[in-house]
Every structure is written in C-alpha cells, then in structure tokens.
Amino acid sequence: MNRRRFLGSAALAGATTLAGCAGSGGGGDGSDGEPTGTPIDEHPAAADLDAQPMLGETTDTVIVAFEDPSCTLCRRFEENTYPRIVSDLVEPGEASFVYRGYPIIYPWGEPASAILEATYAADADAFWALKDRYYAAQGDFSTENVYEASRSFLDTETEVDAEAVVTAARDGEYDDAVALDVSAGEALNIGQTPEFYLFADGVYRTVVRGAQGYDVFATALGL
Amino acid sequence: MARTGRLVLTVPAYAVLAAVAAVAALTLFVLSLNLPLAGFALTADLAVGDRVTLVLGQFPFVGPAFGPLQATLLVAVAALTGVDVAMAAYHFREHGVTIREGGTGAAGVVLGTLGAGCAACGSAILVGLLSLVGVSTSLLWLPLDGLEFALGALVVLVLSVFWLADGMRGGEINGCPVDVRPRV
C-alpha cells in the first residue's frame with residue numbers, strides 16, 4: 001500500500017472517529033439543545049427533578065450531573081471537584097447538586113445504577129455513601145461482583161437492609177427509575193459522561209462536559 | 001527526520017509558526033470537547049477574568065479534566081502537529097513543492113488533528129463512535145480507555161513528519177544540507 005493510499009484510509013478512519021466525537025456531545029448551547037435561559041422546570045435535564053437524589057436546599061442554582069458509576073472521567077470529577085462543590089457550594093447553601101445515573105460506559109455501570117436507585121429509595125444517606133464507594137473503589141467492581149460487593153458495602157457501612165435493596169435492584173424493580181434518567185439524557189443527546197447542566201437563578205446557563213475543575217463550575221454559575 | 005525537523009525550527013519564522021500551530025492545535029483539541037461551554041465563555045455576560053477562567057480551565061495541566069498521561073499525550077500531539085505544520089510550510093514555500101506533491105504531509109496534519117481531538121476525549125467519547133457503527137458501548141476491549149486515539153494520532157504525525165523529511169532529502173534547510181543517505 002502506498003503512503004498516499006494509507007493516509008487516505010487512515011483519514012477515513014480519523015473522520016469516522018471525529019464523527020464519533022462530534023456526535024457524542026449533548027445539547028445545551030442553543031444549537032442542539034435547550035437554549036440558555038430556559039426555566040429549570042422546563043429543561044429536559046431537570047425532568048422529574050423532585051425524584052432525583054439532591055444535595056442542598058436551593059432549587060434555583062442547581063448542578064444536574066449525568067454520571068456513570070463505571071466511568072473513569074466521572075471518578076476524576078468525584079475525586080478532584082465534587083468534594084469542593086459540596087463544601088463550598090452545597091453546604092453554604094449556594095447551590096444544589098443532583099445526581100442522575102447514566103450508565104453508558106462499562107457494563108457494570110448499569111446494575112450499579114439500579115442498585116443506587118434502590119438504595120436511594122431506602123435511604124438517601126446510604127445512596128450518597130454507595131455512590132462515593134463506587135468511585136473510590138471503581139476498579140474493584142465488575143459485572144460479576146457488583147451485586148455482592150454492593151450488598152457487602154451497604155451491609156457494613158450503612159443502615160439499610162442491604163439484602164432487600166440489592167435483591168430489588170437485581171429483580172429489576174428500579175429499572176424504570178434508571179430508564180427515567182437515561183431518557184432525560186437521551187432527550188439531551190448526551191453521549192458521554194460526566195455531563196453537567198448548570199442552572200442559576202432558576203434558568204439554564206450552560207453545560208459542562210468532562211472532569212472540569214471547581215473554578216469552572218463556580219464561575220459558570222456566577223458564584 | 002529529527003535533524004530535518006531541528007533544521008526547520010532553527011529558522012525563527014518557522015519556529016514561531018510551529019509554536020503558534022501547536023498552541024492553536026491544543027486549543028482546538030480542548031475547546032472542541034466542550035463547545036457549549038466555550039461558546040458560553042465567549043458570549044455570556046461575564047467579566048474578562050471569568051472568561052479566562054472558563055477557557056484556561058479546559059487545558060491540560062491547568063484543570064483536572066485530563067489525567068497526567070492523557071495530558072502529556074495531548075501536549076505531545078499538539079507539539080508534533082506544530083512541527084509537522086512548520087515542516088510542511090517550509091517544504092511548500094522553500095522547495096517549491098505543490099499542495100499535490102506535499103499532500104501526504106497535509107493529510108497527516110489533518111489526520112493528526114482529527115485523531116488528537118478524539119484522543120482528548122478518553123473512554124467516554126467512544127460511546128458516540130461505537131453507537132455510530134452499531135457496536136456495544138462496552139469498552140472492555142480497549143485496555144487504555146481511549147488513549148489509543150492519542151497514540152494513533154502520534155503514530156500518524158510521526159509518519160507524516162518522516163515522509164515530509166524524506167521528501168526534503170537532498171535539499172537545503174537554513175543553509176544546511178539534508179541527509180542524503182540513499183533510500184533503503
């Protein structure tokens with residue numbers, strides 16, 4: 001194969017790859033999603049917001065996170081940025097943080113999201129603890145052990161009935177709750193995680209993709 | 001190849017071009033991953049400092065968006081893109097090569113740009129690619145979580161630089177002869 005033909009073939013592959021990149025982003029900039037200024041209760045990212053796990057009291061300034069427990073970029077966000085969002089924005093009452101499961105990366109993220117939903121239905125504190133556990137020990141989880149490893153954590157570290165929670169998730173009782181988040185993400189054409197929809201003063205401001213730093217969130221929210 | 005690149009970069013104008021192209025490539029790579037936020041940073045009613053914070057936060061080693069290996073690869077791809085652009089420009093201008101003759105180098109730059117843009121995405125971005133071709137979104141078969149794209153971009157750029165250097169053999173760069181060893 002001559003080099004021109006090689007580069008032609010490679011360019012085709014590269015273009016396909018770029019198409020993957022271009023097609024994977026969600027909306028939110030006004031070009032392919034909800035425009036800036038959309039009221040939070042009309043924005044797809046905030047659909048069924050009351051049913052979602054939320055840290056914080058305010059419903060005006062909100063970060064809606066679409067995350068996958070198995071996503072390595074989500075883990076980087078959780079390790080580097082999330083703690084400061086909680087301490088500097090959520091705890092002082094400046095903003096609220098909403099978690100929506102969007103399992104699209106590794107297969108174990110799907111059952112993990114269902115377990116998270118089941119856990120949240122049982123106890124909100126246990127939900128946040130389990131969510132933190134998934135990211136802190138991401139490499140320890142797999143499709144084969146996610147139910148047992150989650151049950152073990154919930155049993156030893158939380159007050160919930162771990163067996164009942166995991167059984168409910170395994171039996172598909174919370175698949176609809178996961179599907180609700182997935183539908184919200186699909187309505188926004190989200191193709192990557194993590195992705196964050198930012199609302200300030202009750203209206204949509206912008207979307208932030210990837211494991212961005214605290215300053216990006218605070219600045220974009222005008223805080 | 002390395003000597004040819006160094007010779008090109010000893011010409012101040014081409015060194016500046018390489019630097020500008022590298023910075024432009026890196027900017028393109030990182031902002032393309034967060035276009036809505038980039039648009040927000042540029043158009044929203046924000047103070048200049050806030051705009052700078054939002055834009056700079058996207059860059060590797062400034063914000064946490066990229067891990068050390070990913071950031072290093074991304075910077076390497078951008079730097080190599082700069083060298084490639086400078087060498088291609090030198091080849092076109094100083095040696096009178098036409099776009100047609102130098103097409104491989106130009107294609108390499110374009111391909112490197114495409115590949116590097118995706119290299120920044122990590123594993124998550126592959127979901128879009130895989131869904132396009134109807135493949136499961138499982139990424140278990142990619143051991144490097146998407147860094148494969150950055151490595152691929154590096155390979156293509158090195159090939160492009162190599163072929164550019166090969167095309168410049170026998171000429172002079174900044175007054176110095178380019179290696180005239182016979183082709184193998």
Side-chain angles (χ1 to χ4, degrees), chain A residues 3-4 6-8 10-11 13-33 36 68 70-74 76-77 79-81 103-107 143 190-195 198 205-220 222, chain B residues 32-41 43-46 49-51 53-54 56-58 62-67 103-104 107-108 110-115 117-133 136-140 145-146 149 152-153 155-156 159-160 163:
Chain A
R3 66 192 190 191
R4 193 179 298 277
F6 166 79
L7 277 172
T16 305
T17 302
L18 182 68
C21 291
S24 64
D29 59 348
S31 60
D32 57 353
T36 296
D68 181 336
S70 71
C71 161
T72 53
L73 287 180
C74 299
R76 191 177 306 145
F77 164 81
E79 290 174 348
N80 293 297
T81 308
I104 57 172
I105 305 299
Y106 289 102
T143 308
I190 293 177
Q192 65 184 74
T193 52
E195 190 155 309
L198 273 49
R205 281 178 75 85
T206 189
V207 61
V208 173
R209 293 173 184 155
Q212 303 293 330
Y214 169 82
D215 289 343
V216 168
F217 286 90
T219 303
Chain B
S32 67
L33 298 177
N34 239 317
L35 277 179
L37 184 62
F40 177 79
T43 61
D45 184 18
L46 298 170
D50 289 343
R51 296 188 202 281
T53 297
L54 290 177
L56 281 184
Q58 313 302 305
V62 178
F66 305 101
T104 51
V110 171
L111 180 57
T113 305
L114 298 182
C118 288
C121 309
S123 60
I125 206 72
L126 292 175
V127 173
L129 169 64
L130 295 173
S131 65
L132 278 182
V133 294
S136 161
T137 54
S138 167
L139 299 174
L140 293 174
D145 276 348
F149 284 108
V155 169
V156 169
L159 282 175
S160 178
W163 283 328

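Below, chain A is the first sequence line, B the second, and so on; all start at residue 1. Nothing here was measured: the structure is a model prediction, and the numbers come from that model.
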Problem - Listed partners of Val155(B) passing side chain to side chain contact (heavy atoms under 4.5 Å, CB included), at least two apart - result: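 For Val155(B) the side chain to side chain contact (heavy atoms under 4.5 Å, CB included) partners, ignoring immediate neighbours, are Leu159(B).
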
Exercise for the section: First locate atom CD of Gln212(A), then atom CG of Asn34(B), and finally report the distance between them rounded to the nearest 0.5 Å. Expected result: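 Separation between the atoms: 5.0 Å.
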
Exercise for the section: Considering only heavy atoms and a distance below 4.5 Å, find which of Pro64(B), Gly63(B), Gly57(B) pairs most often with chain A. Expected result: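 Heavy-atom pair counts peak at Pro64(B).
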
Handout entry: Residue among Val216(A), Leu198(A), Val207(A) satisfying side-chain contact (heavy atoms from CB on, under 4.5 Å) with Leu37(B)
Key =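 Testing Leu37(B) for a side-chain contact (heavy atoms from CB on, under 4.5 Å) against Val216(A), Leu198(A), Val207(A) leaves exactly one candidate, Val216(A).
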
Exercise for the section: Tell me, please, which residues at least two apart from Phe217(A) pass ring-ring contact (aromatic ring centres under 6.0 Å, His included). Expected result: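 If we apply the ring-ring contact (aromatic ring centres under 6.0 Å, His included) test to Phe217(A), skipping adjacent residues, the hits are Phe77(A), Phe196(A).
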
Handout entry: Interface residue of largest heavy-atom contact number with chain B, from Ala218(A), Gly222(A), Ala211(A), Gly213(A), under 4.5 Å
Key =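 Greatest number of close heavy-atom pairs with chain B: Ala211(A).
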
Exercise for the section: Sort Leu46(B) into side chain, backbone, both or neither according to what part of it lies under 4.5 angstrom from a heavy atom of chain A. Expected result: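 The side chain, not the backbone.
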
Handout entry: Toward chain B, the part of Asp215(A) with a non-hydrogen atom under 4.5 Å
Key =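 Answer is both: backbone and side chain atoms of Asp215(A) are under 4.5 Å from chain B.
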
Practice task
Heavy-atom distances under 4.5 Å only: say whether Thr81(A) touches chain B with side chain, backbone, both or neither.
Solution key: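 Only the side chain of Thr81(A) comes within 4.5 Å of chain B.
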
Exercise for the section: Identify the two heavy atoms, one from Leu33(B) and one from Arg209(A), that lie closest to each other, and give their separation to 0.1 Å. Expected result: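 What the structure gives for the nearest pair is O-CD, 3.6 Å.
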
